[in-house]
2 protein chains.
Amino acid sequence: MSLKHAILGFLSFTPLSGYDLKKAFDNSVRHFWPANQSQIYRTLAQLEEEGFVTKEVIEREERLDLKLYHISEAGRVEIHRWLSTPLPEQDSREPFLIQVYFGGRLPDEDLLPLLRRELHVTEERLGVYEAIYAANRHRTSAIADERAVFLSLLTLEVGYTTNQAIAQWLRTAVARLETHDYTIHIGEQ
Amino acid sequence: MSLKHAILGFLSFTPLSGYDLKKAFDNSVRHFWPANQSQIYRTLAQLEEEGFVTKEVIEREERLDLKLYHISEAGRVEIHRWLSTPLPEQDSREPFLIQVYFGGRLPDEDLLPLLRRELHVTEERLGVYEAIYAANRHRTSAIADERAVFLSLLTLEVGYTTNQAIAQWLRTAVARLETHDYTIHIGEQ
DNA sequence: CTGTCCATGTAAGGCGTTACATGATTGT
DNA sequence: ACAATCATGTAACGCCTTACATGGACAG
């Protein structure tokens, strides 16, 4: 379960509350691993049961207790083990490609807007990635070295390049449909 | 729910049994929408309840009845509606990128094999796509026109180009780690 | 005084996976 | 004779989402 390990990853830097973790996810890995609040709290409970984290309860008269989670030694071993273990092959699910696959059922006037819209969404995503990068490129981290910062930015880079490839594909797909040029470009350079 | 609509998509060509559908998925859309058997049977039952398909029971003395599912008129309306309706933004989940993101916790000797392995898997996938394409490039379909065949092959094309982008990214990431060159390439050409 | 942030959780439901269960037919 | 294919399903569980519920602190 990757959520567990992402949480352990964050806690390996510093103790955090469930609320802090939610913000950490939203500020960093949401593009490839969104996490929602209720799931984080439940997963923390599981991690505690498994002995990978310990809970420090900080009482604050009148307000809700703050619960800070610390990674345990077993948790450090576990995150290291997971990080260095190859993952089983994942299967992807892309509903948009189902629409393309069965797109023959639609006339161009219904299909082309769908493709153009997807291109638009993809281009916007590229802009978001650029903005995040611009905001982070000169970051130096208190908790991580240059190499660690580089690795975290690599995840942004791969998001950027794959979205570029998708945008390019969509542009040529639209162009081919418009000109009734039904040729496919795979393999041969 | 995309599985429902993928099933309707297949049934819009010809009536099929649950077993046939499983094969249809495995032979065509499994790279972007794997479906397993038990789920197909449950979803067919739902589609029947909703009136999008009708079941034709074919009795075959001594053997299990064969159940052929036909798309209904309501089903045709529904698949057309769904195909031409933009999907809400999907969020992706890529556990491998969590490993990269927290890769700073690992020394090169643990991290590099992980990246090289991922590159190898990606290159194999490219080979699979090429093979599928080679087997299909001269296909003419009895049930679909040239444009429909083109659209179905477009899904292969996008899989190919995104995997090419990922392979390229992995190669340069490995090279940068090896030379301790921690620069990121986003945006600027 | 209204909204946003801080901070915790519970409940219900949907989609998907894995394992289990059955049994005839066809190919080697 | 044995395995693979044809063909149907059920049960249980896991991960994730959405909605619900609560309430103080702080900023405009």
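Owing to the predicted nature of the structure, the values given are computational and were not obtained by experimental measurement.
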Would you mind telling me which of dC16(D), dA7(D), dC15(C) lies closest to the side-chain atoms of Leu66(B)? dA7(D)
Ranking dG9(C), dA7(C), dC15(C) by distance to the side chain of Tyr69(A), first place goes to dG9(C)
Salt bridge or not for Arg137(A) and Glu130(A), using N-O below 4.0 Å? no
Proximal nucleotide (of dT8(D), dG9(C), dG16(C)) relative to the Lys67(B) side chain: dT8(D)
Sorted by position of nearest nucleotide on DNA chain C, 5' first, the leading residue of Ser17(A) and Met1(B) is Ser17(A)
Donor-acceptor contact below 3.5 Å, side chain Arg125(A) vs main chain Asn163(A): no
What's the NZ-P distance between Lys22(A) and dT4(C), to the nearest Å? 17 Å
Whichever of Trp33(A) and Gln37(A) has its nearest DNA chain D nucleotide further upstream toward 5': Trp33(A)
Atom CD of Glu56(A) and atom C1' of dA7(C) are separated, to the nearest Å, by 16 Å
Using whole Å, report how far NZ of Lys4(A) lies from P of dC15(D). 6 Å
Is Asn36(A) near enough to dT17(D) that one of its side-chain N or O atoms lies under 4.0 angstrom from OP1 or OP2? yes
Could you tell me whether the side chain of Ser72(A) and the main chain of Gly51(A) form a donor-acceptor pair under 3.5 Å? yes
Is it true that Arg116(B) and Glu178(B) have a side-chain N and a carboxylate O under 4.0 angstrom from each other? yes
dG9(C), OP1 or OP2 - any side-chain N/O from Tyr41(A) closer than 4.0 Å? no
Sugar-phosphate only, base, or nothing, as touched by Ser38(A) at under 4.0 Å among non-hydrogen atoms: base
Any side-chain N or O of Tyr19(A) under 4.0 Å from OP1/OP2 of dC6(C)? yes
For the side chain of Arg42(A), counting heavy atoms from C-beta on, which of dC15(D), dC6(C), dT17(D) is nearest? dT17(D)
side-chain N/O Arg60(A) vs dG23(D) OP1/OP2, d < 4.0 Å: no
Please check if the side chain of His180(A) supplies one atom and the backbone of Arg176(A) the other of a donor-acceptor pair under 3.5 Å. no
Establish, with yes or no, whether the OP1 or OP2 oxygen of dT17(D) is under 4.0 angstrom from a side-chain nitrogen or oxygen of Gln39(A). yes
